[in-house]
Protein chains: 2
Amino acid sequence: MTSESVAETIINTADRLYYERGITAVGMAELRDAAGVSLRRLYSEFPAKDAIVRAVLEKRHRQWSDGVEARMAEVGGSRERLLAVYDYLADWFCEDSFRGCGFINAFGELGGEDAEVRRIVREHKESFQRRLAEIVDDLGAPTLLAAQLALLAEGAQTTAAIAGSGEAAGQARAAAEVLIDHALSAA
Amino acid sequence: MTSESVAETIINTADRLYYERGITAVGMAELRDAAGVSLRRLYSEFPAKDAIVRAVLEKRHRQWSDGVEARMAEVGGSRERLLAVYDYLADWFCEDSFRGCGFINAFGELGGEDAEVRRIVREHKESFQRRLAEIVDDLGAPTLLAAQLALLAEGAQTTAAIAGSGEAAGQARAAAEVLIDHALSAA
DNA sequence: CAGCAGCGAGAACGATCGTTCTCGCATCTG
DNA sequence: CAGATGCGAGAACGATCGTTCTCGCTGCTG
């Protein structure tokens, strides 16, 4: 396999810097230094900073989807697959670099000005909700449950980031169990 | 009663602009124009932009606390007081100007760089959780429930902002009912 | 070897940032 | 009336932003 392309290096470096410190706080000069490329090369790979931001968000979307999907594939049964989401969150929250959901952060920072960022963030969250809805449907539970499980996951991400502790994942998981079992017993 | 002071005008204007468009996106010149004061006056009331940001967050914290508290006072019983939080959210989400939780947005935008913002945001969220914990305690339910109800509220705020719809409030309320009743039946 | 295309280093550009300074007018004090 | 004070308007400052341009080296092709 070939080593990563220049564009990938740029995206990975930008992702790390933007996530750590915020998008507007990281200038193109800093990105150039950290990625070890020339400014000329930066602008030959991407037309502008906006394009890098979009590429970073799209890469992050694939990573999240793949990560959640892999975690869900490890267990059997729809109920366990739903709960696997919170186990995935628990691992993520433990990472030193964890600083909340990159999409929520980008939305808070740029969502007021940049309609394209709004669109990407919204699509990311909708796709997660759709995936949950599929599994909830397999369970035979109402779609409302999928939305509620998503609320728990979103709340856990922001709470873990702000509180600086990962305990929200376990709390969300326990709440999810109650909601799932209640939905099943009502069906 | 006297009309609002210059400092209050500045804070209220800054709050609106920062919330609508993001903090870094709003410069001091724009704030001066919108508040109708001179730049000189801006810097005589506040030593720097950071101080305005902090003042805005602190005002927002009082507004949130007072608003939730007033809403909870309208109903009787601990269970209804807890659920009143989500009714408060539902009203808020319907406002045209709603763009998510200002603290979460500020955290996403500045939390990576500004430790003071981190502290204020964390304190705000902790104070909300403490208030929930008091009422949960009155109910005789375990403290875990308070954390879970907070997760639902946080998740509803970000989801409503990103999706651009207020339905998350009702979904969170329904989930809260299930969690509360489950906690009570187990006690 | 001559000529050319590609690219890195970094200067340069115009815009805008937060912040400070200058100037001139208005209002008060004696 | 003379002088001082306070403040608004806005120019000025240095820094930094995103972006483009220049220059000079490197390695290819004929």
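Here is the naming used below: chain letters follow the sequence lines, and residue numbers restart at 1 for every chain.
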| Can the ring centroids of B:W64 and B:F103 be said to lie less than 6.0 angstrom from one another? |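 Judged by ring-centre distance (under 6.0 Å), B:W64 and B:F103 do not meet the cut-off.
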Are any of the side-chain nitrogens in [X] or [Y] under 4.0 Å away from the carboxylate oxygens of its partner?
X      : Y      : result
B:E58  : B:R62  : no
A:R173 : A:E177 : yes
A:R71  : A:D91  : yes

| said: Could you measure the distance from the CD1 atom of B:I52 to the CD atom of B:E45? Nearest 0.5 Å is fine. | reply: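 One finds 9.5 Å between CD1 of B:I52 and CD of B:E45.
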| query | Considering only heavy atoms, which members of residues 34-52 of chain B lie under 4.0 Å from some atom of DNA chain C? | reply |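 Within residues 34-52 of chain B, the residues near DNA chain C are B:L39, B:R40, B:Y43, B:A48, B:K49.
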| task | Provide the full list of ring pair (Phe, Tyr, Trp, His ring centres under 6.0 Å) pairs with a residue in residues 12-60 of chain A, sequence neighbours left out, each pair given once. | result |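 Ring pair (Phe, Tyr, Trp, His ring centres under 6.0 Å) check on residues 12-60 of chain A returns no pairs.
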Keeping [X] on the side-chain end and [Y] on the backbone end, is there a donor-acceptor pair under 3.5 Å?
X      : Y      : answer
A:R122 : B:I162 : yes
A:R99  : A:E20  : yes
A:E109 : A:I23  : yes
B:N12  : B:E8   : yes
B:R118 : B:G111 : yes

| task | List for me each residue that meets side-chain contact (heavy atoms from CB on, under 4.5 Å) alongside A:Q63, sequence neighbours excluded, and say none if there are none. | result |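 By the side-chain contact (heavy atoms from CB on, under 4.5 Å) rule, A:Q63 matches A:K59.
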| task | Would you mind reading off the bend of the helix from C:dC1-D:dG30 to C:dG30-D:dC1 from its two end axes, five pairs each, to 10 degrees? | result |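 For the helix from C:dC1-D:dG30 to C:dG30-D:dC1, the axes at opposite ends meet at about 20°.
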| task | Mind running a 4.0 Å heavy-atom check of residues 12-30 of chain B against DNA chain D and sending the residues that fall below it, in number order? | result |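 Those residues whose heavy atoms fall under 4.0 Å from DNA chain D, taken from residues 12-30 of chain B, amount to none.
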| request: Return the residues of residues 105-112 of chain A meeting this criterion: a heavy atom under 4.0 Å from some atom of DNA chain D. Order them by number, or give none. | output: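 Under 4.0 Å from DNA chain D: no residue of residues 105-112 of chain A.
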| Atom-to-atom span, CG of A:D33 to C1' of D:dG18 - whole angstrom |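 Checked: the CG to C1' distance equals 15 Å.
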